[in-house]
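Owing to the predicted nature of the structure, the values given are computational and were not obtained by experimental measurement. Heavy-atom basis, side chains included; hydrogens, waters and symmetry copies ignored.
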Amino acid sequence: MISEFGVMLVLGLTGFLALGIPEAISRSWSRVWMAIPVGTFIYMAMALLSVLILGRLSVPVALTATGAVALAAASRMAVLRRWTGRDLVKASTLALSVLAVVALSREIPLTRLTEDSMQNLFLSFEFQMPNALPAIPKAPLLARQIGLPSLHALSSLTDLRYIPSLGPLFGMSTVAVFVWFSLRPTTRSPHRLWLVMMAIAFLLASNRFLYSWFYVNSHIQMAAYVLLGLIAAWLAVCGSEAWASVSGISLAAMLLFRPDSPALVALLMVVIASTRPSENVARRIALPPVAVAILWIGFVLFRYSEYAGDFSLASPVFGGLVSVIVGAVALLSVSWKFTHRLAEYYGVILLAGMAVALAAAIIADPATAWNSLAATLQNSIEGFWYLTWWIMAMLIPVAIVVHRIPRGRLWTQAVVGMGILFWLLPLIRDGAYRVGPGDSGVRILIHFLPAFVTFLVLAADSRASYDSSGFSARARKAAISARVTGTSGQ
């Protein structure tokens, strides 16, 4: 247990220290709750570089490089004179939280393994072999990616063959980030605490979401990064530009977990572009996904995985690389003179295009569309979601219509876009969703749930705040921007 605690603490402290460099974030308690996702991304980036440079994943090298990043961040904080007594309190809270999760994960064995889990664990060993990339089977490399295998490869430093605390740590981070963000003093709603408590109960009562904490697969990691990417992007476009880097690395991290991630990352970048962020925000969000896409998809998957060398937009490898680059170009183009005004409509154009593509795909393959719909409706109960998505299906359309969230198109277009993408995926891959808790459609919904619930809380709170305080939309927007950039978010 001690070795696992030490490994996970290195990841957490790396993220904690890296988040201490931007002044707007260094004062916030969010550093504690975001530390694991951010530190994990830094480690995965080092693991990817290890594979590219050494030809295999060297866990000691990757973890040492991660520790070097932590030391560099600590030194930078010292130069900037960011160290305070509260940093020690926050770091201690992080360490105790990691210790508690690791200890409970060892004492209460809730880990769940399936055939997919075993493929991830097999890859974690195969990545560490000499000349790993040519030897790894091509199909699993594309299907499982490097993210989760590289993380469970850390088990080579422990007494187990996987990291049982990995999922629970990401689950804890997801819920904690949601609570921190939802309880920020940015509105005057008297009912916000009760609203957030009900939302937490709803999340934890969602069987599949809670199950994903203990299931060795990439779903809880995807859920964490989708939520963090949207929250950080919204804070950045509302005025606190330091959050843009957090959004950028969250989008980049998604690319290392699933083969369908490029489509989601491209969608989110275009949606962020429709808010017309500043040039600095756009650049800091767009560049990390592009760098990871080039290194991972371009240099690894395009050479060694299934569909290697296939220059076709229908290829999940080449098409994914193109999607990320197009999304990044759309985001960067908001500062170009001849596209600045058009950028406001990027999201609408994309959603309309996706809707047309969905309609065309349904006409071309009605059987797959019908089978996916029937399976999804049945899975809303038999896939162990129970009433979760029936409730969401009723609340989300209402929230989209009545919300008064500043820069709200970032949330509404992201929610609608993810909904359309969910129905597009089985038609693109020529394989319908199926009935059962192991269906990919059931598991993809895990990625979206925390972000969707966060949107519902924002929408409800924005309406209640407006009605109870009498704020005008402009005054509320100014108040929120001021508080986002101020000290009230600590």
Side-chain angles (χ1 to χ4, degrees), residues 22 24 38 41 45 222 225-258 260-298 313 318-354 357 405-418 420-421 447-448 451 455 481 484:
V38 172
F41 169 75
M222 284 292 296
Y225 286 120
V226 171
L227 176 64
L228 189 53
L230 281 171
I231 285 176
W234 186 76
L235 292 173
V237 301
C238 281
S240 185
E241 294 189 352
W243 290 98
S245 296
V246 177
S247 181
I249 66 173
S250 298
L251 299 184
M254 295 180 213
L255 297 174
L256 299 175
F257 284 105
R258 289 181 60 86
D260 51 28
S261 292
L264 177 58
V265 170
L267 164 67
L268 295 180
M269 284 196 286
V270 173
V271 166
I272 294 169
S274 70
T275 65
R276 294 199 296 184
S278 68
E279 181 179 1
N280 184 42
V281 167
R283 183 173 60 250
R284 292 166 73 173
I285 293 177
L287 293 184
V290 170
V292 169
I294 291 174
L295 292 175
W296 173 241
I297 302 177
L313 292 178
F318 182 74
L321 180 61
V322 171
S323 297
V324 173
I325 293 174
V326 169
V329 169
L331 185 51
L332 294 172
S333 71
V334 297
S335 60
W336 301 347
K337 183 177 181 180
F338 55 91
T339 55
H340 180 66
R341 292 187 177 181
L342 179 62
E344 184 177 354
Y345 303 99
Y346 282 173
V348 173
I349 294 171
L350 176 63
L351 294 183
M354 291 175 66
I405 306 171
R407 302 292 185 104
R409 73 178 58 189
L410 190 153
W411 290 97
T412 56
Q413 291 181 0
V415 167
V416 172
M418 285 188 278
I420 298 175
L421 183 61
H447 310 166
F448 302 157
F455 165 64
S481 295
V484 162

With a 4.5 Å limit on heavy-atom distance, are the side chains of [X] and [Y] in contact?
X	Y	value
Arg283	Ser335	no
Arg409	Glu344	yes
Phe455	Leu230	no
His447	Leu264	no
Phe41	Leu228	no

Using modelled atom types and a 3.5 Å cut-off, is there a donor and acceptor pairing between side-chain atoms of [X] and backbone atoms of [Y]?
X	Y	value
Ser278	Val281	yes
Ser247	Ile285	no
Arg407	Thr275	yes

With [X], which residues qualify under side chain to side chain donor-acceptor pair (under 3.5 Å), at least two apart?
X	value
Trp411	none
Ser333	Tyr346
Ser245	Arg284

Nearest 0.5 angstrom please: [X] [atom1] to [Y] [atom2], how far?
X	Y	atom1	atom2	answer
Leu255	Leu321	CG	CG	10.0 Å
Met222	Phe257	CE	CZ	8.5 Å
Leu410	Ile231	CG	CD1	11.0 Å

Run the side-chain donor-acceptor check on residues 267-274: report pairs under 3.5 Å with partners two or more places apart or on a different chain.
unit_1	atom_1	unit_2	atom_2	d
Ser274	OG	Val271	O	2.5
Ser274	OG	Gln413	OE1	3.0

For the student: nearest non-hydrogen atoms of [X] and [Y], plus distance:
X	Y	result
Ile297	Gly320	CD1-C, 4.4 Å
Met354	Gly417	CE-O, 3.5 Å
Gly248	Pro289	O-CD, 3.6 Å

Please set out all donor-acceptor pairs under 3.5 angstrom arising from side-chain atoms of residues 322-332, sequence neighbours excluded.
unit_1	atom_1	unit_2	atom_2	d
Ser323	OG	Gly319	O	2.8

Would you list the pairs meeting salt bridge (Lys or Arg N to Asp or Glu O under 4.0 Å) in which at least one residue belongs to residues 260-270, sequence neighbours left out?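 The answer is Arg258-Asp260.
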